[in-house]
Amino acid sequence: MSIEVEIIREASQEMVDAFGRFLPQLSSRAEPLDHEAVDRLVKCDAGTLLVARLEGEIVGTLTCCS
């Protein structure tokens, strides 16, 4: 069992669903991200969106900002 890390280059429903699972873990008041919000994260020149996958399923995200 190994974790794979990949750079996300375009928004997808899979990413919207992943943020829907992860954001409530950070804040009970966090607004859910829609496709447009995820698209803005992906296309932002100041950052890179990474995901960690375990057996193909997204198990974590990381946004690196420069």
Side-chain angles (χ1 to χ4, degrees):
M1 181 179 348
S2 65
I3 294 184
E4 297 178 8
V5 176
E6 71 180 88
I7 296 171
I8 299 301
R9 301 194 187 282
E10 65 181 55
S12 66
Q13 187 59 47
E14 179 185 32
M15 289 305 305
V16 173
D17 295 344
F19 278 109
R21 290 191 311 275
F22 301 140
L23 282 177
Q25 295 176 32
L26 299 174
S27 171
S28 61
R29 294 180 283 171
E31 294 289 325
L33 299 181
D34 59 13
H35 193 277
E36 186 177 314
V38 173
D39 192 52
R40 285 193 306 270
L41 279 173
V42 171
K43 291 180 178 175
C44 179
D45 290 334
T48 301
L49 179 59
L50 304 169
V51 296
R53 292 183 184 273
L54 179 62
E55 297 178 1
E57 180 181 348
I58 296 175
V59 294
T61 66
L62 174 71
T63 303
C64 298
C65 298
S66 55

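Note that this is a predicted model, so its numbers are computed, not measured.
- The shortest side-chain heavy-atom distance between V16 and Q13 falls under the 4.5 Å cut-off.
- The number of heavy atoms from other shown groups lying within 6.0 Å of CD (E4) does not exceed 12.
- No option in I8, T63, L62 other than L62 meets the side-chain contact (heavy atoms from CB on, under 4.5 Å) test with L50.
- A continuous path of hydrophobic side-chain contacts links L33 to L26 [ILVMFWY only; heavy atoms under 4.5 Å].
- For L54 against M1, the heavy-atom pair with the smallest separation is CD1-CG, 3.2 Å.
- Residues passing the salt bridge (charged side-chain N to carboxylate O under 4.0 Å, His left out) test with R53 are E6, E14, sequence neighbours excluded.
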Item to complete: Let me see the working for M15 and L49 under side chain to side chain contact (heavy atoms under 4.5 Å, CB included), right down to the final yes or no.
Response: CA-CA 10 Å; M15 289 305 305; L49 179 59; 3.9 Å; yes
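- Put simply, L41 and I7 are part of two different groups of oily side chains (I, L, V, M, F, W, Y) that touch within less than 4.5 Å, one to the next.
- Considering every non-hydrogen atom in both V38 and A11, the closest pair reads CG1-CB, 3.9 Å.
- Taking all atoms of both residues into account, the shortest heavy-atom contact from F22 to G60 is CZ-N, 3.6 Å.
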